[in-house]
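A quick write-up on the structure given underneath.
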Amino acid sequence: MRRTVYNEDHEAFRETIRAFIESEVVPVYDEWFAAGQAPRDFYYKLAELGIFGIEVPEEYGGAGVESFKFEAILYEETARAGISFGGSGVHVLLCLPYLKAYATEEQKKRWLPDFVSGRSMYAIAMTEPGTGSDLAGMKTTAKLSEDGTHYVLNGAKTFITGGVHADKVIVCARTDAPKADDRRHGISLLVVDTKSEGYSVGRKLDKLGLKVSDTAELAFVDVKVPVEDLLGEENKGFSYLGQNLPQERLGIAVGAYAQAKAAVRFAQQYTQDRTVFGKTVASFQNTKFELAACKAEVDAAEAVCDRAIEALDAGELTPAEAASAKLFCTEVAHRVIDRCLQLHGGYGFMNEYPIARLYTDNRVNRIYGGTSEVMKSIIAKSMGL
């Protein structure tokens, strides 16, 4: 079936990204994997390619494109090559929507040009040790100074993707105590300069997968944040966080679908080249049936993603629909990648093969952005259950 979600401009962008990956990433990716992160200078190359500015309005140095489709192509092409762009995905997928939606005109002029150029890489800090998905239970505080010129930030965050290289971090903190009938009250968003006194990066976390994506612990000890760097209105941060969840979850769904599609490609290539008992692995009926079943699941995931991408661009993707797409695509990817690794035999367990990296990278898709169990709860609630 012909895919209709992308046009000629999108496919031209795909060709550019594919060539860039082959020349700039593939030759050095093993070095990044061993180091546990992409080098900071690489983000300048992404900026030069225009990736950070696609959805940024033209008056701030971007291309002004109001579409998620170019972002989706990035997911597809990085998965196809078995690589990642490090922690830079958070910069655009998670942080940009908040800056576009809630920054004042003065803040946009101050922040977005450096966002586009890669001079300021962004991360977002929500999760805290001991609270996990319970954002309303966060303990990090931001108290207004007596003269009203700045907030004093204290607390800690963990699992912060892009936290090692970040120049600015959107920090979720309590500017007021929760109300008896509303635990979500009192949370605000502050854009914090990582060079601020009292700001520190703790451990670069050693993860099961996503080895090239830097993930860190952050700590704040009496960090002074100018009131001019409050993002949106005070105490309304929790409602802001919910606004971007459909796009965030769709991004995870598309990434998972793309990983599953790549896994089938890797397994097909491997089984056609690998010989056992005098025959290629691909010639055995079991291999054919496994790959055929995997392709059918990938085709279904692709259809779900394409429909959701169109809905997001039209402003019609609901939280429940995004949850459904994430649940389905991440569960498909789990099954498909596992079966494709099995077809690699012992070599599938070796990190030098992209299927092994896909296997570990894929596992977190059913956890972050809301676990599969949370997705089921959201879907059930939309059904009136």
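Note: hydrogens, waters and symmetry copies are ignored here, and every other heavy atom, side chains too, is used.
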Would a 4.5 Å heavy-atom cut-off, applied to side chains only, mark [X] and [Y] as touching?
X      : Y      : result
Glu197 : Val221 : no
Val332 : Arg335 : yes
Glu71  : Ile54  : no
Lys143 : Tyr151 : no
Asp229 : Leu190 : no
Val304 : Cys329 : yes
Val212 : Tyr29  : yes
Lys326 : Glu248 : no

[X] with [Y], same ILVMFWY side-chain cluster at under 4.5 Å:
X      : Y      : answer
Val90  : Val164 : no
Ile124 : Trp111 : yes
Val65  : Leu74  : yes
Leu112 : Met121 : yes
Val223 : Met126 : no

TODO: Take atom CZ of Phe70 as the centre, draw a 6.0 Å sphere, and report whether it contains more than 12 heavy atoms from other residues, nucleotides or ligands.
DONE: yes
Task: Heavy atoms of other groups near Gln342 CD, more than 12 under 6.0 Å - done: no
Task: Stepwise salt bridge (Lys or Arg N to Asp or Glu O under 4.0 Å) test for Asp167 and Arg40 - done: CA-CA 11 Å; Asp167 301 290; Arg40 178 64 174 81; 2.7 Å; yes
Mark yes or no for whether [X], through its side chain, and [Y], through its backbone, hold a donor-acceptor pair below 3.5 Å.
X      : Y      : result
Arg3   : Ala303 : no
Lys207 : Ser213 : yes
Lys108 : Lys100 : yes
Ser377 : Glu373 : yes
Arg203 : Thr215 : no
His10  : Asn7   : yes
Tyr359 : Phe349 : no
Gln107 : Glu228 : yes
Asp313 : Phe68  : yes
Thr175 : Ile187 : no

Open item on the list: Show, in sequence, the C-alpha distance, side-chain angles and deciding distance for Asn154 and Asp222, and conclude whether the side chain to side chain contact (heavy atoms under 4.5 Å, CB included) test is met.
Closed with: CA-CA 5 Å; Asn154 284 281; Asp222 294 333; 3.1 Å; yes
Do the rings of [X] and [Y] sit parallel, tilted or perpendicular, given the 30° and 60° boundaries?
X      : Y      : result
Tyr102 : Tyr240 : parallel
His91  : Phe52  : perpendicular
His344 : Tyr353 : perpendicular

Task: Proximity of Phe85 and Phe42 rings by center, below 6.0 Å - done: yes
In Å and rounded to the nearest 0.5 Å, what is the [atom1] to [atom2] distance from [X] to [Y]?
X      : Y      : atom1 : atom2 : answer
Thr330 : Tyr368 : OG1   : OH    : 10.0 Å
Ser196 : Leu153 : OG    : CG    : 9.0 Å
Asp306 : Lys69  : CG    : NZ    : 9.0 Å
Glu66  : Glu55  : CD    : CD    : 7.0 Å
Leu208 : Arg363 : CG    : CZ    : 9.0 Å
Asp214 : Ile160 : CG    : CD1   : 11.0 Å

Open item on the list: Applying side-chain hydrogen bond (donor to acceptor under 3.5 Å, both in side chains) to His334 and Asn362, what does each step give before you reach the verdict?
Closed with: CA-CA 7 Å; His334 161 64; Asn362 164 76; 4.9 Å; no
- [ ] Evaluate the criterion side chain to side chain contact (heavy atoms under 4.5 Å, CB included) for residue pair Lys109 and Tyr60; output intermediate values, then yes/no.
- [x] CA-CA 6 Å; Lys109 289 179 179 178; Tyr60 310 114; 3.9 Å; yes
TODO: Evaluate the criterion side chain to side chain contact (heavy atoms under 4.5 Å, CB included) for residue pair Tyr347 and Glu352; output intermediate values, then yes/no.
DONE: CA-CA 9 Å; Tyr347 288 105; Glu352 65 187 275; 5.9 Å; no
TODO: Give the C-alpha distance, both sets of side-chain angles, the deciding distance and a yes or no for side chain to side chain contact (heavy atoms under 4.5 Å, CB included) between Val191 and Tyr98.
DONE: CA-CA 11 Å; Val191 177; Tyr98 293 108; over 6 Å; no
Open item on the list: Check whether Phe284 forms a cation-pi arrangement with Lys279 (NZ or CZ under 6.0 Å from the six-membered ring centre, at most 45° off the ring normal).
Closed with: yes
Cut-off 3.5 Å, no hydrogens considered: what does the side-chain donor-acceptor table look like for residues 254-269, sequence neighbours left out?
| from | atom 1 | to | atom 2 | distance (Å) |
| --- | --- | --- | --- | --- |
| Tyr257 | OH | Glu302 | OE2 | 2.6 |
| Gln259 | OE1 | Asn365 | ND2 | 2.9 |
| Arg265 | NH1 | Arg80 | O | 2.7 |

